[in-house]
Structures are given as C-alpha cells and as structure tokens.
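Quick note: residue numbers are just sequence positions, from 1.
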Amino acid sequence: MSQAKDTIARLLTLLRHIPRAPGYIATTTLLEKLRDRGFSVDMRTVQRDLNRLSSMFSLMCDERVTPYRWSFTKDASLDLRDIDPSAALALYLAEGHLTSLLPQSVLDLLAPQFRRARDYLDGLEENGLADWARRVRTKPNGKALQPAQVDSAVWQAVSMALLERQCLKVSYLSRSKETLKELMIHPAGFVSRHSISYLIATVEGYDDPRQFALHRIKHVECLDTPAKEYASFDIDEFLNSGFNNPAPITEVELIADVSPSIAWLLSETPLSAEQRLEALPDSDWYRLHAKVPDDQETLWWVFGLGENIVVYAPIQMRNSIIEKGHHMLSRYSPTMATSRYSL
C-alpha cells in the first residue's frame with residue numbers, strides 16, 4: 001500500500017472508532033486499535049492525526065484527563081459505514097428483537113443506526129427487501145418483561161470501565177437489605193439476561209466475582225485506578241457455576257410424559273442436544289427423556305406447561321411441582337377468594 005493510501009486508511013479507521021458524545025475513547029485505546037489492524041504507528045502519530053481530523057470534523061477532545069478522550073459531538077452527522085439492503089433489513093429486524101431486551105439508555109445509543117436502516121429501506125422502490133420489512137415483525141416467545149431502566153450515565157461509565165479496564169466507584173442498591181452501598185469494584189465481564197443487564201465484578205478487598213444489576217447502580221464514577229485482572233476468571237464458567245442460583249448448576253435427566261402439542265414443539269425445537277421422544281402405547285402422548293440444567297429456569301418451564309406434562313424424574317423436581325400445585329390450588333380456594341374481594 002502506498003504511503004498516501006496508508007494514511008487515508010489510518011484516518012478512516014480512527015474516525016470509525018470514535019463514538020458520538022456522551023461516549024468517548026481514549027487516545028491510548030485508539031493507538032491499540034490501529035496496531036491491532038496492522039498500522040505501525042506511535043502515540044505521536046495518533047495525536048497528530050486526531051488534531052488534523054478535529055479541524056475538519058466535529059470532534060471534541062477532553063483534555064481534563066490523561067490520556068485525552070475523544071468523541072464526535074452529539075449532532076455530528078458523519079457516518080462512514082456503508083449499508084446494503086441485507087444489512088439494513090438485519091438492523092430493522094434486530095431493533096424489534098432488542099426492544100424487549102435492552103434498557104432504553106442502550107437503545108438510545110443504537111437509535112441512529114436503526115433509523116438509518118429504516119430510512120434506507122423506505123427509500124427503496126423496486127427492491128423486495130423494502131416490502132419485506134413492512135411485512136416482517138419479531139415477537140418474543142412467551143411473556144417478555146419490560147427491560148429494567150438503566151441510567152445513560154451508568155451505562156457509559158460501565159462500558160468505558162470495561163473497555164479501559166478501570167475501577168468503578170458505585171452506589172449500589174442492595175436487593176436483600178434495600179439500602180445503598182458504597183463500593184469500589186473491579187469490572188470483569190458483562191451479561192445481558194432477558195430484561196436485566198449485569199456487570200460481573202469483584203469488590204475491593206475480595207477475589208470472588210459477583211453480579212451487579214445495572215439498574216440498581218444509582219451513582220457511578222469511573223476511576224483512573226486500573227482494575228485488577230484475574231487470569232483464572234472465565235465468564236462461561238462463572239455462568240455455569242451459580243449465576244442467579246444458590247449453588248453450582250448440574251445437569252439431570254428429565255423424564256416426563258408430554259401431550260401431542262408439546263411433543264410436536266420439542267421435535268422441532270428440542271429442549272436439549274440430548275433429547276429423546278418415544279410414542280406411548282395406546283396413547284397419543286409421548287415419553288420425553290432430556291438432559292437439562294437443574295435450575296429454576298427449567299423448573300419454571302416445566303411448571304408452565306401445566307396439564308401438558310407429567311414429570312417422573314428427577315424426583316426433587318416432581319415433588320417441587322406437586323408442592324407448588326398444592327399451594328396454587330389453596331390460593332384459588334373459594335373461601336380465600338371471597339374473603340379478599342367482593343365479586
């Protein structure tokens with residue numbers, strides 16, 4: 001590549017990695033990203049490039065901290081990424097899916113890209129994808145809860161701390177004690193689970209990773225202190241060892257009889273990789289064998305099938321369903337209902 005083309009490619013790469021305010025990216029991080037993409041540059045070159053670009057584009061530099069942090073102004077209209085019909089449709093469909101999963105503050109950050117995709121599809125006159133976008137919708141399976149609301153400043157600080165590997169000082173609302181705790185934490189990972197997002201981090205003075213629901217972080221400050229890094233930390237292992245569970249999750253064999261409608265559903269969308277359905281003699285029901293996690297989610301799924309399933313094993317799951325069924329029945333007893341409400 002000639003020197004001129006190399007310079008242009010480097011400048012375009014820089015621009016593509018600078019976020020819109022209130023987001024920002026440090027000069028050191030930009031240097032790392034350039035080197036990751038094969039550009040042989042030093043810090044002085046990056047600083048010179050940024051100063052040159054700021055005279056032509058709507059760039060802001062925060063010089064109150066070191067290293068300096070860069071961002072586009074909020075109203076900057078520059079978008080250097082091309083979009084084609086397939087990518088526009090993918091973004092269009094992703095918006096409908098993510099609306100029920102991500103907090104509004106995160107959706108606001110993605111709004112320009114979603115809007116750009118919609119505008120692109122609306123502008124197509126003779127392309128079948130544009131018409132398809134008006135005919136296709138996403139609908140979550142089951143009842144989707146509204147996402148927990150996360151303050152935009154919290155999201156920005158948490159994102160930056162993860163990216164820059166910095167400590168966070170937070171005011172965290174304890175669910176058990178219903179009080180605010182002042183904590184210094186070291187971010188290690190991030191998990192999006194249904195309608196709640198979690199920061200995985202260690203608390204100053206402790207080594208065990210814990211989960212912090214983002215919507216319970218009421219105030220946050222991103223510190224210059226480098227976060228501790230644990231080479232032994234594995235986020236997949238953390239998720240499988242008790243995330244939102246009192247004990248590590250093990251697998252068990254679920255043995256149950258299921259109705260024809262559930263058997264049909266499971267034949268198309270299996271419950272697990274190890275699943276077997278056997279037709280029962282003299283019946284239209286099926287015997288289900290499946291390896292499943294022994295956790296609350298599996299129990300809730302089974303319990304939600306109601307009269308369409310009869311569980312035989314594991315025995316603790318069967319007993320739990322029976323116990324919950326008795327409690328539910330007692331809640332619907334005529335005397336209890338009439339004593340609380342006048343029907």
Side-chain angles (χ1 to χ4, degrees), residues 86 89-90 92-102 132 135-147 189-198 200 211 234-333:
S86 298
L89 180 62
Y92 182 90
L93 297 176
E95 180 182 12
H97 178 69
L98 295 176
T99 297
S100 61
L101 296 177
L102 296 177
W132 189 20
R135 298 171 183 265
V136 176
R137 296 294 180 269
T138 56
K139 185 173 179 60
N141 183 25
K143 178 61 179 175
L145 301 178
Q146 292 294 312
F190 183 85
V191 175
S192 178
R193 187 173 186 265
H194 302 308
S195 54
I196 299 179
S197 299
Y198 296 90
I200 312 303
Q211 60 204 48
D234 184 286
I235 193 166
D236 292 318
E237 181 179 332
F238 175 81
L239 293 176
N240 294 327
S241 65
F243 181 75
N244 270 355
N245 288 277
I249 301 172
T250 58
E251 281 201 335
V252 293
E253 183 178 17
L254 172 64
I255 304 175
D257 291 346
V258 295
S259 68
S261 61
I262 299 303
W264 183 281
L265 172 67
L266 294 179
S267 67
E268 295 183 325
T269 54
L271 187 59
S272 69
E274 298 182 46
Q275 173 185 290
R276 189 169 76 255
L277 286 166
E278 301 169 350
L280 294 173
D282 303 320
S283 172
D284 56 355
W285 280 48
Y286 287 77
R287 177 66 50 84
L288 167 68
H289 296 260
K291 286 284 188 181
V292 296
D294 186 14
D295 58 7
Q296 285 294 320
E297 286 193 358
T298 300
L299 179 61
W300 293 338
W301 180 84
V302 171
F303 196 74
L305 297 181
E307 71 276 9
N308 290 297
I309 188 169
V310 179
V311 174
Y312 298 109
I315 190 63
Q316 65 269 23
M317 182 182 293
R318 176 182 173 87
N319 292 339
S320 180
I321 292 171
I322 293 173
E323 181 183 358
K324 289 179 181 293
H326 286 318
H327 283 308
M328 179 180 289
L329 187 61
S330 68
R331 296 289 185 185
Y332 283 89
S333 64

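Side-chain contact check for H289 versus L254: every heavy-atom pair is 4.5 Å or farther apart. Taking the side chain as every heavy atom from C-beta outward, L299 and M317 approach each other to under 4.5 Å. V252 is listed as a side-chain neighbour of V292, based on a closest heavy-atom distance under 4.5 Å. Side-chain contact between F238 and V191 is absent, with no heavy-atom pair separated by less than 4.5 Å.
Remark: W264 engages E268 in a side chain to side chain donor-acceptor pair (under 3.5 Å) (not counting sequence neighbours). Among residues two or more places apart in sequence or in another chain, the side chain to side chain donor-acceptor pair (under 3.5 Å) test is passed with Q275 by none. Applying the side chain to side chain donor-acceptor pair (under 3.5 Å) test to S259 and every residue at least two apart in sequence or in another chain returns S261, N308. The ring pair (Phe, Tyr, Trp, His ring centres under 6.0 Å) search around F303 returns none, not counting sequence neighbours.
Atom CG in L266 sits 6.0 Å away from atom CG in L271 (nearest 0.5 Å). In this structure, the separation between CG on L265 and CG on L305 is 8.5 Å, given to the nearest 0.5 Å.
Within the structure, salt bridge (Lys or Arg N to Asp or Glu O under 4.0 Å) contacts touching residues 272-285 (residues at least two apart or in different chains) are R276-E278. The side chain to side chain donor-acceptor pair (under 3.5 Å) analysis of residues 312-328, with sequence neighbours excluded, yields the pairs D257-Y312.
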Chi angles and distances behind the side-chain contact (heavy atoms from CB on, under 4.5 Å) call for I255, V311: CA-CA 6 Å; I255 304 175; V311 174; over 6 Å; no

Verdict with reasoning, E251 to D294, per side-chain contact (heavy atoms from CB on, under 4.5 Å): CA-CA 6 Å; E251 281 201 335; D294 186 14; over 6 Å; no

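A side-chain donor-acceptor contact under 3.5 Å links T298 to the backbone of P293. A donor-acceptor pair under 3.5 Å is formed between the side chain of S272 and the backbone N or O of K291.
Heavy atoms only, all atoms of each residue included: V302 and I309 are closest at O-CG2, 3.7 Å. Scanning both residues, W285 and V310, for their nearest heavy atoms gives CZ3-CG2, 4.3 Å.
In summary, the side chains of W301 and E297 do not present any donor paired with an acceptor at a separation below 3.5 Å, with no hydrogens or angles considered.
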